[in-house]
**Student:** 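Let me begin by handing over the structure; questions about it come next.
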Amino acid sequence: MSGRRRVDDDDDHDVVFDAGKPPPFRIGDVRAAVPEHCWRKSPWRSLWYVARDVAVVAALGAAAAGMDSWAVWPLYWAAQGTMFWALFVLGHDCGHGSFSDSATLNSVVGHLLHSFILVPYHGWRISHRTHHQNHGHIHRDESWHPITEKLYRQLEPRTKKLRFTVPFPLLAFPVYLLYRSPGKSGSHFLPSSDLFSPKEKSDVMVSTTCWCIMLASLLAMACAFGPLQVLKMYGIPYLVFVMWLDLVTYLHHHGHHQLPLPWYRGQEWSYLRGGLTTVDRDYGWINNVHHDIGTHVIHHLFPQIPHYHLVEATKAAKPVLGRYYREPHKSGPLPLHLLVVLLRSLRVDHFVSDHGDVVYYQTDHDLNTSSAHGWANQNHHKQK
């Protein structure tokens, strides 16, 4: 699949835009377009967002426990899972150092927020840093990177089915933390993993210990209040949070089929070109709830910018980015349109070629055919 698309320029002459070509600007040009105040971090403002989100989480928990009605629980699960996701985004900012200029404050807040939602703060922070430093590189990227055709053909049919069939991709995050992605080994919990350098091992041990303390606390609460109560109050919202995380992170890097996203190898890759293959998404009124994480292109290029300046920074940078910026589809109050984008992407974005330095996703039509036949057979048996 080519990344070229025929578009109309300002003079109404047809031109061909190739998203895989080096852009006519440098990252310094983009940096210069962003207002200087967008780089300033306010720890008090960041802490206010933490206080706001924690207060909402506490209020939702108290209200649901007090009502204890099956008419309320589904609403609670959706709302609380979304708030867990908001807490994750703030912890993610701590990991980037965009929360404050204090490494100590970032680490303390990051551990509190991420441990609460069973994420090993340093383990994930380090692998996410690797993702940012190598995004768009087929082999060095760390998050939702493409599988090469050779590796794809070696996967068991069941693994392929799980990877590209909803809801399984939306439940991938805990598995990723434990085992990473196909073709890569290691764990976010083990200091010996090749994810980490020797000097980072002590940090990983601290984060894994915090994770274990939170897990032990949940087990203790299950003994005190019953497993069902812990499942209702925490377990199901945690699953909703995981689904949010997988949905958002996947769609930041997939699914823009009007102008397909290139992936790079070798000398064709650069930090700028890799960052320009990310995609902004609009989540309607949820944009504010999850701290504008959908404003992702500028975040990928400059992760030091606090989340509360991302929208302004993007607006300022768009004239420089030109066609390399993909305007997000405007959402209604709820981003239901993104489910359609997700389903289509899982149907067509399967692997990339083993050869070439600028490549695009290809489709395994046999996988789609087998899935369709399986669905038809299931319906046939049900009708019998």
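Keep in mind that the numbers below use all heavy atoms, side chains included, and drop hydrogens, waters and symmetry copies.
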**Student:** How would you list, by chain and number, every residue that makes a side-chain hydrogen bond (donor to acceptor under 3.5 Å, both in side chains) with R281, sequence neighbours excluded?
**Tutor:**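 Per chain and number, R281 pairs via side-chain hydrogen bond (donor to acceptor under 3.5 Å, both in side chains) with no residue.
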
**Student:** As an exercise, state the distance from CD1 of I126 to OG of S207, rounded to the nearest 0.5 Å.
**Tutor:**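 OG of S207 is found 7.5 Å from CD1 of I126.
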
**Student:** Would you say that V248 contacts H296 through its side chain, given a criterion of any heavy-atom pair below 4.5 Å between the two side chains?
**Tutor:**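 Result no, sub-4.5 Å side-chain heavy-atom pair not found.
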
**Student:** Below 4.5 Å, heavy atoms only, C-beta onward: do R347 and R344 meet side chain to side chain?
**Tutor:**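 A side-chain contact under 4.5 Å exists here.
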
**Student:** Just checking, any donor-acceptor pair under 3.5 angstrom between side chains of R125 and H128?
**Tutor:**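 No pair is found: no donor N or O on one side chain lies under 3.5 Å from an acceptor on the other.
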
**Student:** Should Y121 and L112 be marked as a side chain to side chain contact (heavy atoms under 4.5 Å, CB included) after you check the CA-CA gap, both sets of side-chain angles, and the distance that decides it?
**Tutor:** CA-CA 9 Å; Y121 172 69; L112 290 172; over 6 Å; no

**Student:** Does some side-chain heavy atom of S115 sit less than 4.5 Å from a side-chain heavy atom of I213?
**Tutor:**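 The answer is no; the side chains never approach within 4.5 Å.
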
**Student:** I'd like to know if the side chain of D141 pairs up with that of H253 as donor and acceptor (distance under 3.5 Å, no hydrogens or angles considered).
**Tutor:**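 Note: D141 and H253 side chains miss the donor-acceptor criterion.
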
**Student:** Quick one: do E200 and H122 satisfy side chain to side chain contact (heavy atoms under 4.5 Å, CB included)? Show the steps, please.
**Tutor:** CA-CA 9 Å; E200 293 168 334; H122 280 310; over 6 Å; no

**Student:** Distance only, no hydrogens: is a donor on one side chain within 3.5 Å (strictly under) of an acceptor on the other, for Y264 and T277?
**Tutor:**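 No donor-acceptor contact under 3.5 Å links the two side chains.
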
**Student:** Shortest non-hydrogen contact from L178 to S187?
**Tutor:**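 Reported closest heavy-atom pair: O-CB, 3.1 Å.
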
**Student:** Working to the nearest 0.5 angstrom, can you tell me the gap between D280 CG and H256 NE2?
**Tutor:**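 NE2 of H256 is found 9.5 Å from CG of D280.
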
**Student:** Assess whether a salt bridge exists between D354 and R153, defined as any Lys/Arg side-chain N lying under 4.0 Å from an Asp/Glu carboxylate O.
**Tutor:**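 Here D354 does not pair with R153 in a salt bridge, since their nearest N and O are not under 4.0 Å apart.
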
**Student:** For H300 and H131, which I'm curious about, is there any donor-acceptor pair between the side chains at under 3.5 Å?
**Tutor:**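 There is such a pair (donor and acceptor under 3.5 Å, judged by atom type) between the side chains of H300 and H131.
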
**Student:** Taking the six-membered ring for Trp, are H132 and H96 parallel (under 30°), tilted (30 to 60°) or perpendicular (over 60°)?
**Tutor:**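 H132 and H96: perpendicular rings.
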
**Student:** Is the closest basic N to carboxylate O distance between E142 and R129 below 4.0 Å?
**Tutor:**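 A salt bridge is absent here (no side-chain N lies under 4.0 Å from a carboxylate O).
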
**Student:** I'd like to know whether the aromatic ring centres of W244 and F84 sit less than 6.0 Å apart in this structure.
**Tutor:**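 Judged by ring-centre distance (under 6.0 Å), W244 and F84 do not meet the cut-off.
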
**Student:** Looking at F88 versus W85, is the centre-to-centre ring distance below 6.0 Å?
**Tutor:**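 F88 vs W85: aromatic centres under 6.0 Å.
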
**Student:** Measure from the side-chain N and O atoms of W73 to the backbone N and O of A64, and report whether any donor-acceptor pair falls under 3.5 Å.
**Tutor:**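 Absent.
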
**Student:** Closest heavy-atom contact between L105 and S102?
**Tutor:**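 Closest heavy-atom pair between L105 and S102: N-OG, 3.1 Å.
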
**Student:** Whether the H92 and H299 side chains hold a donor-acceptor pair (N or O, under 3.5 Å, no angle test) is what I'd like checked.
**Tutor:**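 Short answer, yes.
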
**Student:** Is there a side chain to side chain contact (heavy atoms under 4.5 Å, CB included) between V30 and I298? Walk through the geometry before answering.
**Tutor:** CA-CA 9 Å; V30 188; I298 282 295; 4.2 Å; yes

**Student:** F99 pairs by side-chain contact (heavy atoms from CB on, under 4.5 Å) with which of S107, P306, C94?
**Tutor:**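 Exactly one pass, corresponding to C94.
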
**Student:** Using a 6.0 Å cut-off, check whether atom NE2 of H355 has over 12 heavy atoms from anything other than its own residue.
**Tutor:**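 Not more than 12 within 6.0 Å, no.
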
**Student:** Within this structure, what is the OG1-CZ distance for the pair T130 and F196, rounded to the nearest 0.5 Å?
**Tutor:**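 With rounding to 0.5 Å, OG1 (T130) is 9.0 Å from CZ (F196).
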
**Student:** Determine whether more than 12 heavy atoms belonging to other residues, nucleotides or ligands lie under 6.0 Å from atom NZ of K315.
**Tutor:**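 Counting neighbours around NZ of K315, 12 or fewer heavy atoms of other residues, nucleotides or ligands fall under 6.0 Å, so no.
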
**Student:** Less than 4.5 Å apart, any side-chain heavy atom of I147 and any of L155?
**Tutor:**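 Answer yes - side chains close enough.
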
**Student:** Just so I know, are the side chains of L90 and H291 near enough to count as touching, which here means a heavy-atom distance under 4.5 Å?
**Tutor:**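 Result yes, sub-4.5 Å side-chain heavy-atom pair found.
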
**Student:** Does a donor on one side chain sit under 3.5 Å from an acceptor on the other, for S100 and N106?
**Tutor:**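 Short answer, yes.
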
**Student:** Are any of the side-chain heavy atoms of M233 and M221 separated by less than 4.5 Å?
**Tutor:**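 Not touching, per the 4.5 Å side-chain cut-off.
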
**Student:** To the nearest 0.5 Å, what is the distance between NZ (K232) and CZ (F225)?
**Tutor:**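 Reported to 0.5 Å precision, the distance equals 13.0 Å.
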
**Student:** Can you tell me if D349 uses its side chain to pair, donor with acceptor, with the backbone of L346 under 3.5 Å?
**Tutor:**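 No, the answer is negative, given that no donor and acceptor are paired below the 3.5 Å cut-off.
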
**Student:** Under the side chain to side chain contact (heavy atoms under 4.5 Å, CB included) criterion, do L301 and L272 qualify, and how do the steps go?
**Tutor:** CA-CA 7 Å; L301 294 176; L272 174 61; 4.0 Å; yes

**Student:** Are L334 and L170 connected in a single hydrophobic cluster, I mean Ile/Leu/Val/Met/Phe/Trp/Tyr linked by side-chain heavy atoms less than 4.5 Å apart?
**Tutor:**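 Yes.
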
**Student:** So Y234 and F241, ring pair (Phe, Tyr, Trp, His ring centres under 6.0 Å) or not? Walk me through it.
**Tutor:** CA-CA 10 Å; Y234 183 93; F241 147 65; 9.3 Å; no

**Student:** Quiz question: by atom type and distance under 3.5 Å, do the side chains of H135 and T278 form a donor-acceptor pair?
**Tutor:**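 No pair is found: no donor N or O on one side chain lies under 3.5 Å from an acceptor on the other.
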
**Student:** Rounded to the nearest 0.5 Å, what separation is found between the CG atom of D292 and the OG1 atom of T314?
**Tutor:**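 Taking CG in D292 and OG1 in T314, the distance rounds to 9.0 Å.
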
**Student:** Hey, can you tell me if H329 and H337 have their rings parallel, tilted or perpendicular (30° and 60° cut-offs)?
**Tutor:**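 Judged by the thresholds at 30° and 60°, the geometry between H329 and H337 is tilted.
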
**Student:** Taking atom types as modelled and ignoring hydrogens, do the side chains of Y176 and D246 form a donor-acceptor contact shorter than 3.5 angstrom?
**Tutor:**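 Not at all, the side chains of Y176 and D246 share no donor-acceptor pair under 3.5 Å.
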
**Student:** How close do F189 and P120 get, counting heavy atoms only, and between which atoms?
**Tutor:**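 The answer is CE2-CG, 3.7 Å.
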
**Student:** Flag the pair I117 / M214 as yes when at least one side-chain heavy-atom distance between them is below 4.5 Å, and no otherwise.
**Tutor:**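 SC-SC contact between I117 and M214 ruled out.
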
**Student:** So, D93 and H307: side-chain donor and acceptor under 3.5 Å apart, yes or no?
**Tutor:**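 Result is yes, a qualifying pair exists.
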
**Student:** Restricting to non-hydrogen atoms, name the atom on P24 and the atom on Y324 that form the minimum distance, rounded to 0.1 Å.
**Tutor:**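 Residues P24 and Y324, closest heavy atoms: CD-CE1, 3.8 Å.
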
**Student:** Mark yes or no for whether R326, through its side chain, and L276, through its backbone, hold a donor-acceptor pair below 3.5 Å.
**Tutor:**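 The answer is yes, because a donor-acceptor pair under 3.5 Å joins these two groups.
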
**Student:** Is it true that, when you exclude Q267 itself, more than 12 heavy atoms of the residues, nucleotides or ligands shown sit nearer than 6.0 Å to its CD?
**Tutor:**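 Check fails, neighbour count at 12 or below.
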
**Student:** Taking everything shown except W70 itself, do over 12 heavy atoms lie less than 6.0 Å from its CH2?
**Tutor:**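 Above 12, so yes.
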
**Student:** Salt bridge (charged side-chain N to carboxylate O under 4.0 Å, His left out) for R180 and D194? Distances and angles first, verdict last.
**Tutor:** CA-CA 11 Å; R180 295 177 75 189; D194 60 7; 2.9 Å; yes

**Student:** To the nearest 0.5 Å, what is the distance between NE2 on H252 and CG on L261?
**Tutor:**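 H252 atom NE2 to L261 atom CG measures 12.5 Å (nearest 0.5 Å).
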
**Student:** Mind checking whether V166 and L343 have side chains closer than 4.5 Å, heavy atoms only?
**Tutor:**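 Yes. Closest side-chain heavy atoms under 4.5 Å.
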
